Amino acid sequence: MIRTENLQFGYRKHEVFQNLSVNFEAGKIYGLLGKNGEGKSTLLYLMSGLLRAKSGKVMFDGKDMSNRLPSALENMFLVPEEFDLPAITLKAFVKANAGYYPNFSQEILEKCLEGFELDMDLNLKKLSMGTKKKVYVCFALATNTKLLLMDEPTNGLDIPSKSQFRKVIASCMTDDKTIIISTHQVRDVENLIDQIMVLNKKEIVFNHSTAEITRRLAFRNGQISEVTSENDETNIDIEALFTAVVSGEDVIKRAF
Ligand code: ADP
């Protein structure tokens with residue numbers, strides 16, 4: 001679906017990626033986890049063609065993203081961490097922007113708005129930060145693109161809205177789509193993602209499906225151990241896993 005090949009990128013003298021190669025498959029929701037400043041946003045910008053790599057490339061469905069072809073851009077959507085919306089109604093916004101996305105679905109838009117208890121008559125000018133995020137996530141899902149990139153989408157959402165967020169995203173997922181959610185608030189994507197990817201010190205240091213993780217690791221009271229028998233299946237404690245991965249704990253090395 002989308003992959004990066006030997007990406008090298010930096011801001012002036014500050015190198016963010018040296019040689020990053022990573023592949024994302026269709027039908028999965030990825031949690032791109034990493035501490036602040038590790039390069040999660042930069043990776044999403046490189047994947048969406050907003051930034052160009054110094055060397056290496058991003059291939060999306062066989063197209064090189066540095067060419068920014070309309071046929072590639074109409075099939076992906078990026079929700080940045082911060083954005084402004086114009087002072088118009090949601091209806092007017094949809095009328096002006098839906099045309100860029102050939103698979104746009106009014107039905108999905110309405111379903112997602114309902115999931116967040118919002119309606120079409122909103123005026124985008126008067127929204128709180130949290131509501132603005134929710135509306136834009138709804139629009140993003142309604143574009144119905146093959147690839148959806150979301151950068152820290154739960155920032156600014158209160159606890160009930162974070163739970164609505166997980167339900168809304170899960171309800172829009174299909175086998176032909178890839179959703180990549182970057183976050184440093186790892187608990188926000190617990191029970192939503194299919195694959196956990198950890199970015200640390202310029203590298204993807206962990207990249208495994210949740211099914212594989214529960215087969216190999218057991219989580220109890222904030223502790224991680226190796227699975228010893230087939231019926232030792234526990235729910236992933238994503239925070240404990242993340243901490244163990246970035247601090248290079250032995251249990252992770254032994255299990256994978
Ligand atoms: P994350 O999304 O994981 O918090 P970013 O991709 O935003 O990380 O940033 C990666 C690194 O690049 C950080 O050290 C950050 O300070 C730096 N950086 C990000 N944007 C710029 C920029 N426009 N100019 C210079 N440095 C930047």
Side-chain angles (χ1 to χ4, degrees), residues 1-24 28-60 64-66 68 73 76-85 129-130 132-134 136-137 140 145 147-157 161-162 165-166 169 178-190 192-208 238-249 252:
M1 152 74 80
I2 187 161
R3 65 174 197 274
T4 74
E5 290 174 14
N6 311 107
L7 276 190
Q8 194 201 354
F9 180 83
Y11 297 100
R12 294 176 189 264
K13 283 187 184 146
H14 179 91
E15 188 174 63
V16 182
F17 300 122
Q18 226 161 31
N19 187 14
L20 189 81
S21 298
V22 61
N23 185 43
F24 297 86
K28 283 189 172 184
I29 303 180
Y30 287 84
L32 177 62
L33 315 181
K35 289 186 267 185
N36 274 330
E38 289 294 342
K40 301 181 297 299
S41 308
T42 304
L43 180 57
L44 297 187
Y45 295 161
L46 285 163
M47 285 176 28
S48 59
L50 282 174
L51 289 175
R52 285 194 172 113
K54 278 193 187 133
S55 64
K57 57 184 172 180
V58 176
M59 297 298 290
F60 171 51
D64 186 335
M65 281 311 296
S66 65
R68 297 178 181 159
L73 296 173
M76 65 161 64
F77 197 93
L78 167 71
V79 178
E81 186 176 359
E82 283 175 23
F83 53 85
D84 285 317
L85 293 176
M129 184 183 159
K132 199 170 86 165
K133 266 250 150 107
K134 292 185 223 175
Y136 204 50
V137 165
T145 50
L147 177 62
L148 175 56
L149 310 168
M150 289 191 270
D151 195 8
E152 304 277 357
T154 56
N155 260 4
L157 298 189
S161 306
K162 286 181 183 188
F165 169 82
R166 287 189 288 267
I169 300 293
T178 305
I179 299 182
I180 306 173
I181 304 172
S182 91
T183 184
H184 69 282
Q185 294 168 303
V186 299
R187 277 207 190 281
D188 290 355
V189 292
E190 203 162 44
L192 170 67
I193 52 182
D194 304 300
Q195 183 97 5
I196 297 182
M197 212 177 242
V198 178
L199 186 57
N200 196 47
K201 301 197 177 106
K202 303 180 186 169
E203 308 271 357
I204 299 288
V205 293
F206 187 87
N207 183 11
H208 297 283
I238 196 165
E239 205 155 316
L241 176 66
F242 178 69
T243 306
V245 168
V246 295
S247 52
E249 281 181 25
I252 306 293

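Atoms within a ligand are numbered from 1 in the order they appear, just like the ligands themselves. This structure is a prediction, so every number in the text was calculated from the model and none was measured.
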If you have a sec, work out which protein heavy atom is nearest atom 15 (C) of ligand 1 and how many Å separate them, to one decimal?
-> His14 NE2, 4.7 Å
To which protein heavy atom is atom 19 (C) of ligand 1 closest, and what is the distance rounded to 0.1 Å?
-> Tyr11 CE1, 3.4 Å
Is the number of heavy atoms from other residues, nucleotides or ligands within 6.0 Å of NZ (Lys57) greater than 12?
-> no
Proximal atoms of ligand 1 relative to Val16 (non-hydrogen, under 4.0 Å) = 12 (O)
Which atoms of ligand 1 have any heavy atom of Asn36 under 4.0 Å away?
-> 4 (O)
Under 4.0 Å from atom 1 (P) of ligand 1, is there any protein heavy atom?
-> yes
Can you tell me if Thr4 uses its side chain to pair, donor with acceptor, with the backbone of Val22 under 3.5 Å?
-> yes
Take atom 13 (C) of ligand 1 and look for protein heavy atoms under 4.0 Å from it; say yes if you find one, no if not.
-> yes
May I ask you to check whether Phe60 and Phe24 place their ring centers less than 6.0 Å from one another?
-> no
Within less than 4.0 angstrom of ligand 1, does Lys35 place any heavy atom?
-> yes
Could you pull out the closest heavy-atom pair between Tyr136 and Pro80, with the gap in Å?
-> CE2-CD, 4.0 Å
Considering only heavy atoms, which of Glu15, Lys13, Lys40 lies nearest to atom 3 (O) of ligand 1?
-> Lys40
Lys134 side chain to Leu157 main-chain N or O, any donor-acceptor pair under 3.5 Å?
-> no
Sub-4.0 Å atoms of ligand 1 with respect to non-hydrogen atoms of Thr42 | 5 (P), 6 (O), 9 (O), 10 (C)
Would you please determine whether Gly39 falls within less than 4.0 Å of ligand 1 on a heavy-atom basis?
-> yes
Taking Glu152 for the side chain and His184 for the main chain, is one N or O donor matched with an acceptor at less than 3.5 Å?
-> yes
Ranking Gly37, Gly34, Gly10 by closest non-hydrogen atom to atom 4 (O) of ligand 1, top hit is Gly37
Please indicate whether Glu15 has more than 12 foreign heavy atoms, meaning atoms of other residues, nucleotides or ligands, lying under 6.0 Å from its CD.
-> yes
In this structure, which one of Ile169, Leu44, Leu32 forms a side chain to side chain contact (heavy atoms under 4.5 Å, CB included) with Met150?
-> Ile169
